Amino acid sequence: MAFADNSPCPDLAAASLYSMFKKILVANRGEIALRVICACKELGIKAVAIYSEADRNSLHVRFADEAICIGPPRLNESYLNIPAVISAAEIANVDAIHPGYGLLSENANFAEVCQACGIKFIGPPPEVTRLMGEKEKARATMKKQGVPILPGSDGIISSADEALEWARSVGFPVIVKASAGGGGRGMRVIRSDEELPNLFHAAQSEAAAAFGNGDLYMEKFIERPRHIEFQVLADEHGNVMSLGERECSIQRRHQKLVEESPSVKVTPELRERIGGILVKTLSSIGYMNAGTVEFLMDEDGSLHFIEMNTRIQVEHAVTEMTTDVDLVKSQILIAAGEKLSNIITEAVCSRGHAIECRINAEHPERFTPSAGKITVFNLPGGTGVRVDTAAYAEGVIPPYYDSLIAKLVVRGRDRAEAISRMSRALDMFVVEGIYTSIPLHKRIMQDADFRAGNFDTKFMERFLSQTKEAAK
Ligand code: MV4
């Protein structure tokens with residue numbers, strides 16, 4: 001047992017732990033590595049950081065109990081280098097690996113290597129990750145279980161002729177998607193017979209080049225969807241719970257910028273109904289650990305499943321703010337074999353309204369990356385404000401990695417209070433030396449349509465073209 005019996009942590013007081021981890025390797029960098037280290041510290045578990053040569057002076061290295069350099073700056077030579085990550089885990093003699101998000105988090109082969117080495121991968125079993133990674137199979141699985149989905153092709157469509165026949169039967173517009181895709185790559189919207197063959201073949205070659213797999217499937221296309229996702233937790237004993245939804249429609253080029261919970265468009269009845277279906281479905285397919293189920297909401301307010309993410313997500317803090325559930329600690333306890341009923345001992349309810357702004361190191365209008373040294377850094381604080389970041393004054397943002405440098409998350413009693421709290425927190429968030437998206441977020445918070453809750457996934461296109469007009 002890793003824990004003293006007089007452990008002060010209430011999570012542990014309620015727990016009936018049989019083999020809690022003593023040491024976890026955090027296979028990530030930046031704010032999420034630090035977030036996982038926080039969870040380890042609160043659970044009394046030792047955290048081991050890995051870092052590239054570019055991250056020697058990072059906060060995840062500073063705050064971990066041990067740190068191991070795993071290679072040069074480039075991702076393929078460091079954080080994505082499975083033998084290097086596993087070697088570090090073996091040297092540090094860890095019980096488990098937390099992959100964070102991105103990087104190796106949805107790599108089923110990596111999870112299998114962990115398993116083969118006797119290291120617990122903190123996430124779902126590799127078979128489940130692999131199933132959800134094949135979007136067409138994920139779709140078929142959800143359909144079979146009664147999760148609402150859009151009209152779509154039954155299985156892979158292998159020729160333009162077959163695609164044409166299907167498109168005519170449901171009517172244009174339709175969308176072709178790469179089964180191995182996600183995040184918008186290998187997708188084409190098709191609006192007529194004439195343009196179908198070219199767009200179909202373009203999607204096929206793009207998918208083959210990007211994923212080494214040209215399999216395509218099709219769906220009826222929704223013109224102005226909202227992107228709404230449900231957070232779930234599942235233990236290793238068949239128990240699943242839904243923690244409600246996040247609204248993620250404010251995005252640009254498939255990169256989310258602002259997320260919030262609850263969604264202004266999800267009624268308590270809809271939340272209950274979808275949550276109930278997800279609990280049944282995920283339990284019956286043997287889902288485990290944290291997961292996110294993505295839906296598109298159509299103009300009528302109906303939700304349709306599109307994909308499932310088998311990792312902790314960037315925006316998980318929005319759900320943590322409204323539910324008071326620590327999702328990362330829950331992930332660790334679940335992976336250690338703990339039952340959900342011992343992790344979450346009271347009825348979970350969502351209270352108030354939370355909003356997250358992703359602060360990126362990039363130019364707020366041109367969206368070009370902005371690496372370099374932060375000269376001045378002031379964090380906002382005060383009631384209802386949370387900042388997840390690994391950035392600091394005099395710290396250097398290296399050019400090799402994702403541009404996310406901080407997540408500013410606020411909670412208010414209602415959406416209006418959350419928006420004014422976010423605005424004042426953005427005003428008090430000072431970063432000099434590099435460009436950031438803070439000025440962009442300040443303008444989004446003042447937008448009349450955003451404030452009215454009147455938006456969809458096309459919001460940023462309209463917002464940015466208006467901003468350009470106004471500058472003329
Ligand atoms: C769609 C769609 C409209 N209709 N599927 C984009 C990324 C991938 N995860 C799914 N995506 C979409 N699928 C149908 N049938 C519109 C999108 C889409 C989108 C979805 C979520 C968030 C932002 C988006 C931006 C453009 C297109």
Side-chain angles (χ1 to χ4, degrees), residues 101-102 105-106 132-140 142-143 147-157 163 166-167 169-191 196 199-200 202-203 206-207 210-211 213 215-231 245-261 263 265-266 291-311 313-315 318 356 358 367 444 450 455-465:
Y101 53 66
S105 63
E106 293 180 290
M132 294 304 168
E134 294 183 60
K135 311 294 166 187
E136 193 283 317
K137 281 193 188 152
R139 193 175 178 283
M142 295 295 175
K143 182 181 179 181
V147 180
I149 56 164
L150 290 162
S153 58
D154 275 321
I156 301 301
I157 296 227
W166 184 82
S169 75
V170 296
F172 291 97
V174 297
I175 183 167
V176 291
K177 296 182 175 181
S179 189
R185 281 201 298 175
M187 276 181 14
R188 290 291 186 283
V189 179
I190 307 178
R191 298 184 180 280
L196 186 141
L199 292 175
F200 184 88
E206 192 175 303
F211 315 113
N213 171 358
D215 286 356
L216 301 179
Y217 65 105
M218 296 174 83
E219 285 173 353
K220 181 80 187 156
F221 180 65
I222 304 182
E223 293 284 357
R224 298 186 168 283
R226 296 174 79 113
H227 176 142
I228 293 171
E229 59 188 29
F230 278 68
Q231 176 70 54
E245 80 284 357
R246 294 183 289 259
E247 159 78 64
C248 308
S249 298
I250 309 295
Q251 53 80 41
R252 176 185 172 273
R253 298 196 181 167
H254 305 292
Q255 293 295 317
K256 293 166 188 164
L257 290 166
V258 180
E259 303 99 341
E260 60 181 291
S261 186
S263 163
K265 292 289 177 188
V266 175
T292 301
V293 188
E294 294 187 2
F295 292 85
L296 296 183
M297 180 180 270
D298 63 23
E299 289 81 354
D300 304 335
S302 302
L303 290 172
H304 309 273
F305 168 83
I306 52 166
E307 293 175 18
M308 177 159 193
N309 302 318
T310 56
R311 58 170 190 276
Q313 295 204 202
V314 174
E315 60 271 25
V318 163
E356 167 175 286
R358 294 192 187 191
F367 297 97
I444 294 173
F450 176 76
F455 52 79
D456 54 55
T457 53
K458 293 250 164 74
F459 173 87
M460 284 307 292
E461 273 174 48
R462 289 195 294 274
F463 177 86
L464 291 171
S465 68

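Counting starts at 1 for both ligands and their atoms, following the listed order. Remember, predicted model here, so these are calculated numbers, not experimental data.
Between the choices Glu307, Gln251, Lys458, Glu223, the shortest heavy-atom distance to atom 24 (C) of ligand 1 belongs to Gln251. Nearest-heavy-atom check against atom 1 (C) of ligand 1 across Ile306, Val189, Ile250, Leu296 picks out Leu296.
Atoms of ligand 1 lying under 4.0 Å from at least one heavy atom of Lys220, given by number and element, are 4 (N), 14 (C), 15 (N).
Looking at Gln251, Gln313, Arg358, His227 one by one, the single match for side chain to side chain donor-acceptor pair (under 3.5 Å) with Glu259 turns out to be Arg358.
The minimum heavy-atom distance between Ala178 and Phe211, with the atom names listed, is CB-CE1, 3.9 Å.
Atoms CD and CZ, from Glu294 and Phe230 in turn, are 12.5 Å apart once rounded to the nearest 0.5 Å. Lys135 NZ to Ile306 CD1: the interatomic distance, rounded to the nearest 0.5 Å, is 9.0 Å.
A salt bridge between Glu106 and Arg311 is present, with a side-chain N of the basic residue lying under 4.0 Å from a carboxylate O of the acidic one. Ion pair Glu219/Lys177 flagged as a salt bridge, since at least one NZ, NE, NH1 or NH2 atom sits closer than 4.0 Å to an Asp/Glu carboxylate oxygen.
Distance from atom 11 (N) of ligand 1 to its nearest protein heavy atom, with residue and atom name: Met187 SD, 3.8 Å. Scanning the protein heavy atoms around atom 22 (C) of ligand 1, the nearest turns out to be His227 ND1, 3.3 Å. In this structure, the protein non-hydrogen atom closest to atom 4 (N) of ligand 1 is Ile222 N, 3.0 Å.
Where the criterion is an N or O separation shorter than 3.5 Å, residue side chain and backbone included, Phe221 fails it with respect to ligand 1. On a distance-only criterion, Lys177 and ligand 1 share at least one N/O pair closer than 3.5 Å.
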**OP:** Apply the test side-chain hydrogen bond (donor to acceptor under 3.5 Å, both in side chains) to residues Ser263 and Glu245: give CA-CA distance (whole Å), side-chain angles for both, the deciding distance (0.1 Å), then the verdict.
**Re:** CA-CA 7 Å; Ser263 163; Glu245 80 284 357; 5.0 Å; no

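Within 4.0 Å of atom 17 (C) of ligand 1, not a single protein heavy atom is present.
In His254, the part holding a heavy atom less than 4.0 Å from any atom of ligand 1 is the side chain.
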